[in-house]
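These notes concern the structure reproduced below.
Worth saying up front: this structure is predicted, and the values here are computed from it rather than measured.
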Amino acid sequence: MHSPRLMLLILALAVTLPVGVAHAQTKGAGAGKIVCWKDKSGKVVGCGDKVPPEYQDNAVDELNKQGVTVKQSEPALTPEQKKTQQAELERKKAEDQLKAEQRRRDKALLDTYTTEKEIDLKRSRDIQLVESNIEVLQTNLKNANVRQADSSARIEQHTKNKQPVPPAVQDEFDRIQSDKAKIENQIARKRKDIAALNQQYDDQKKRFNELKSGGAAGTAPASAGKGPMTSADQRPR
């Protein structure tokens, strides 16, 4: 039902429309069409055969000659509303991408393993590879310690004899110190790699069990594990 005020506007329009306009409406596809425009609050403020320019961005109702609304248009979005709408679209897109990525990971997980034991075996192989790298680094560190001890002894001998330490000897000592620091950092990173591998495979086992027990594919778990680590991820750093 339209408000009494709107009906009065429609009746007034029907009485005051020029004869030529009324005749033209009866000839066209939109015969008898009336539009009523609203203010920013959504209140009808006028009716006619054409929306005034100052109300073009507001909500509009289109009525037939009986005064029945046949079409409604929403007001144009404000800049802030457009910004909010765009942010929501981007959020939804990112959410869909995450779901698609999770479905891909789930498929890869189920295609790679058939039992938990297989996951544990893969974990053991990957960790063993990293531990082998650590052993090589520890051997290098041991050799560096030997060279450092020899270089330090020479420096100490020059100091004891109250002789200046030759630049070449000091440079060698400094270089060995730098090499040792690099090796120690590499060992520390490798140990972190082992911790990360354990977490990764723990997450994979948890997700594997969820999927096997009927967990929804494509739904990200609380702690989404990465896919199986490739050989490129395991190269010495």
Side-chain angles (χ1 to χ4, degrees), residues 80-152 171-237:
E80 187 61 33
Q81 288 172 326
K82 289 179 180 179
K83 184 178 179 181
T84 301
Q85 184 184 66
Q86 183 61 32
E88 176 61 19
L89 289 173
E90 291 176 358
R91 184 199 66 78
K92 183 65 167 58
K93 181 180 178 181
E95 184 179 278
D96 290 344
Q97 288 176 340
L98 285 175
K99 288 180 179 179
E101 175 61 16
Q102 187 59 48
R103 286 193 293 270
R104 185 195 67 78
R105 290 185 183 280
D106 288 344
K107 184 178 184 303
L109 188 63
L110 294 175
D111 288 346
T112 303
Y113 307 111
T114 57
T115 64
E116 280 189 65
K117 185 177 180 181
E118 291 178 358
I119 298 177
D120 288 330
L121 288 172
K122 183 67 165 58
R123 181 208 304 257
S124 297
R125 288 196 296 270
D126 288 351
I127 289 178
Q128 185 176 12
L129 178 60
V130 180
E131 287 176 339
S132 297
N133 290 333
I134 291 176
E135 289 178 4
V136 172
L137 291 169
Q138 286 176 329
T139 298
N140 293 341
L141 182 60
K142 182 179 179 180
N143 293 335
N145 284 329
V146 171
R147 289 186 289 113
Q148 182 186 44
D150 180 64
S151 180
S152 181
D171 288 346
E172 181 185 24
F173 180 85
D174 294 341
R175 185 172 60 255
I176 295 171
Q177 281 281 80
S178 177
D179 290 345
K180 276 186 58 180
K182 291 177 182 177
I183 295 171
E184 288 167 349
N185 285 335
Q186 288 176 319
I187 291 173
R189 287 200 300 269
K190 292 297 178 183
R191 295 198 186 283
K192 287 182 179 179
D193 286 346
I194 290 177
L197 280 169
N198 276 316
Q199 184 61 58
Q200 171 188 317
Y201 284 106
D202 284 345
D203 291 342
Q204 286 189 11
K205 283 179 67 175
K206 180 180 178 181
R207 185 58 176 168
F208 180 82
N209 287 327
E210 288 174 351
L211 294 171
K212 284 294 187 179
S213 63
T219 302
S223 177
K226 294 181 180 180
M229 183 175 279
T230 64
S231 57
D233 296 321
Q234 300 165 355
R235 292 172 184 164
R237 298 176 185 172

Practice task
Among residues two or more places apart or on two chains, list those pairs meeting salt bridge (Lys or Arg N to Asp or Glu O under 4.0 Å) that have a residue in residues 107-118.
Solution key: K107-D111, E116-K205

Fill in the blank from the handout: Here the gap from E135 atom CD to I187 atom CD1, rounded to the nearest 0.5 Å, amounts to 11.0 Å

Exercise for the section: For residues 137-151, pull every pair meeting salt bridge (Lys or Arg N to Asp or Glu O under 4.0 Å), keeping only residues two or more places apart or in separate chains. Expected result: D150-R154

Handout entry: CD on E101 to CG on L98, rounded to 0.5 Å
Key = 8.5 Å

Problem - Gap separating the CG atom of N140 from the CG atom of N145, nearest 0.5 angstrom - result: 11.0 Å

Practice task
Please name all residues satisfying salt bridge (charged side-chain N to carboxylate O under 4.0 Å, His left out) with D202, sequence neighbours left out, ordered by chain then number.
Solution key: R123

Practice task
Go through the structure and list residues passing side-chain contact (heavy atoms from CB on, under 4.5 Å) with L110, not counting sequence neighbours.
Solution key: F208, L211, K212

Exercise for the section: Kindly compute the distance separating CD (E210) from CG (D106), expressed to the nearest 0.5 Å. Expected result: 9.0 Å

Practice task
Evaluate the side-chain proximity of I119 to T112: yes if any heavy-atom separation is below 4.5 Å, no if none is.
Solution key: no

Problem - Pair R207 + D203, salt bridge at N-O below 4.0 Å - result: no

Handout entry: CG-CD distance between D126 and E131, expressed to the nearest 0.5 angstrom
Key = 11.0 Å

Problem - Over all atoms of both residues, closest heavy-atom pair of I176 and S151 - result: CD1-CB, 4.1 Å

Practice task
Output every pair passing side chain to side chain donor-acceptor pair (under 3.5 Å) with a member in residues 82-91, not counting sequence neighbours, ordered by first then second residue.
Solution key: Q86-E90, E88-R91, R91-E95

Fill in the blank from the handout: To the nearest 0.5 Å, atom NZ of K190 lies from atom CG of L197 at 10.0 Å

Problem - Worked verdict on K192 versus R189 for side chain to side chain contact (heavy atoms under 4.5 Å, CB included) - result: CA-CA 5 Å; K192 287 182 179 179; R189 287 200 300 269; 5.5 Å; no

Problem - All side-chain hydrogen bond (donor to acceptor under 3.5 Å, both in side chains) counterparts of R191, not counting sequence neighbours - result: none

